[in-house]
Amino acid sequence: MCTVIIRIPHDDAAVQLLAVRDEDPGRGWDPLGAWWPDHPGVVGVRDRRAGGAWLAAEPASGRLAVVLNREGEPDLPDDRILSRGALPLDALAQGPLPDLERMRGFNLVTVDETGASVTSWTGSVPLETTTLAPGTHMLAHDGVDDPRTARIAAWREEFAAAPFDEWPALLARTTQVGADDDRAIVRDNRAHGYPTLTTIACLAEVRPGRADVRYAALNAPAEMRAPLDFVPATGADPPRDA
């Protein structure tokens, strides 16, 4: 289950975000780059199986979106379920969301010139959208700042107290609890019944007319012994198969 930490400023400073992705390591992805010719100006992390994005940004317009899994399962065969990877691209294009009745539950974080919001789908209508107030928030597979989520209860206040440039070091420090601990952000979810492990992360600062996004991959799934080295999108990175 992915994790997002996001800081909303009290003034006109940038929105700051750390997004940590959990995925089946056998499901290949392409690192942060310009992978969608039909979405010019967009960079993101592309799911190689379905072609959508986990996180996507439009740097020149100051827009970003990232999707996290959430509880909610349509009563449909797998071949009729739509990938959630369409959501970040649709959000950047400011188009309508796909047919939600064919989509598993999600939290969709969107940052643009108006601020930041979280749109949630759990299989019920209507969608729920939460506008994020100034402050530091944390999100995983439940609601925003949900204290029932162990990693939020354990770490949100520490991220709130830390400067943004210290977040990579703080993320590394969270690994002291162990990847299979429910408090973990760098996670091995197999102990909790899911085949997903933490594989990558992105840092971003977003302001009107500009989104700066950087990417890092763990050396091995759910293993991080030092702060990650985050790099900007180049569009020339080779595909990643695991």
Side-chain angles (χ1 to χ4, degrees), residues 2-4 6 14-15 17-70 78-100 102-114 116-121 127 129 139 196 198-218 230-242:
C2 304
T3 306
V4 165
I6 183 168
V15 173
L17 176 142
L18 169 62
V20 181
R21 188 188 192 195
D22 297 351
E23 184 53 89
D24 182 341
R27 181 164 182 155
W29 73 90
D30 294 326
L32 186 70
W35 303 109
W36 299 276
D38 53 339
H39 292 276
V42 169
V43 298
V45 175
R46 182 174 66 174
D47 173 51
R48 298 182 69 194
R49 183 182 301 176
W54 165 64
L55 176 147
E58 194 171 53
S61 66
R63 296 176 59 82
L64 179 145
V66 57
V67 65
L68 302 85
N69 295 353
R70 184 166 179 159
D78 287 348
D79 61 359
R80 292 199 58 205
I81 293 176
L82 297 176
S83 168
R84 287 169 286 206
L87 293 166
L89 298 174
D90 289 339
L92 293 186
Q94 299 179 289
L97 296 182
D99 181 2
L100 296 177
R102 295 179 56 197
M103 190 166 287
R104 295 185 173 101
F106 62 80
N107 285 320
L108 175 66
V109 180
T110 304
V111 185
D112 59 22
E113 66 278 359
T114 67
S117 64
V118 177
T119 299
S120 300
W121 169 250
L127 287 169
T129 298
L139 180 67
T196 57
T198 300
T199 54
I200 60 174
C202 286
L203 278 174
E205 292 190 274
V206 184
R207 52 178 54 85
R210 181 176 176 181
D212 296 314
V213 188
R214 293 179 288 151
Y215 165 93
L218 278 65
F230 288 89
V231 298
T234 64
D237 294 317
R240 174 104 183 211
D241 289 314

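Numbering starts at 1 and runs along the sequence shown. Values below: every heavy atom of this structure, side chains too, minus hydrogens, waters and symmetry copies.
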Worksheet item: Residues two or more places apart in sequence or in another chain: which of them pass side-chain hydrogen bond (donor to acceptor under 3.5 Å, both in side chains) with Arg210?
Response: Asp212
Worksheet item: Are Ile6 and Val111 side-chain neighbours, meaning at least one heavy-atom pair lies under 4.5 Å?
Response: yes
Worksheet item: Which atom pair, heavy atoms only, marks the closest approach of Cys202 to Val213?
Response: CB-CG1, 4.4 Å
Fill in: pair Ser120-Val118: side-chain heavy atoms closer than 4.5 Å
yes
Worksheet item: Does any donor atom in the side chain of Asp24 or Thr196 lie under 3.5 Å from an acceptor atom in the other side chain?
Response: no
Practice prompt. To the nearest 0.5 angstrom, please state how far the CZ atom of Arg214 sits from the CG atom of Leu18.
Written response: 10.5 Å
Worksheet item: Is there a side-chain contact between Leu89 and Val42 (heavy atoms, below 4.5 Å)?
Response: yes
Worksheet item: Which residues satisfy the side-chain hydrogen bond (donor to acceptor under 3.5 Å, both in side chains) test with Ser61, sequence neighbours excluded?
Response: Glu58
Worksheet entry | Pairing residues for Asp47 by the side-chain hydrogen bond (donor to acceptor under 3.5 Å, both in side chains) criterion, not counting sequence neighbours | Arg27
Discussion item. Working to the nearest 0.5 angstrom, can you tell me the gap between Ser83 OG and Arg104 CZ?
Written reply: 9.5 Å
Discussion item. Could you report the tightest heavy-atom contact between Val206 and Gly62, atom names first, then the distance?
Written reply: CG1-O, 3.4 Å
Practice prompt. Of all the heavy-atom pairs spanning Val45 and Leu32, show the shortest one and how long it is.
Written response: CG2-N, 4.1 Å
Item to complete: Output all residues satisfying side-chain contact (heavy atoms from CB on, under 4.5 Å) with Arg46, sequence neighbours left out; order by chain, then residue number.
Response: Asp30, Trp35, Trp36
Discussion item. Give me each pair satisfying salt bridge (charged side-chain N to carboxylate O under 4.0 Å, His left out) with a member in residues 105-114, each pair once, sequence neighbours excluded.
Written reply: Arg63-Asp112, Arg63-Glu113
Discussion item. Rounded to the nearest 0.5 Å, what separates atom CG in Asp90 from atom NE2 in His39?
Written reply: 7.0 Å
Worksheet item: Minimum heavy-atom separation for Pro59 to Val43, with atom names?
Response: CG-CG2, 4.0 Å
Worksheet item: When rounded to the nearest 0.5 angstrom, what is the spacing between CD in Gln94 and OG1 in Thr110?
Response: 10.0 Å
Fill in: side-chain contact (heavy atoms from CB on, under 4.5 Å), paired with Leu87, selected from Trp54, Trp121, Phe106
Phe106
Worksheet entry | Leu127 vs Leu97 side-chain heavy atoms within contact, under 4.5 Å | yes
Fill in: Within-4.5 Å side-chain heavy-atom neighbours: Asn69 and Arg84
yes
Fill in: Non-neighbouring partners of Thr129 that pass side-chain hydrogen bond (donor to acceptor under 3.5 Å, both in side chains), sequence neighbours left out
Thr119
Worksheet entry | Ile200 vs Pro31 side-chain heavy atoms within contact, under 4.5 Å | no
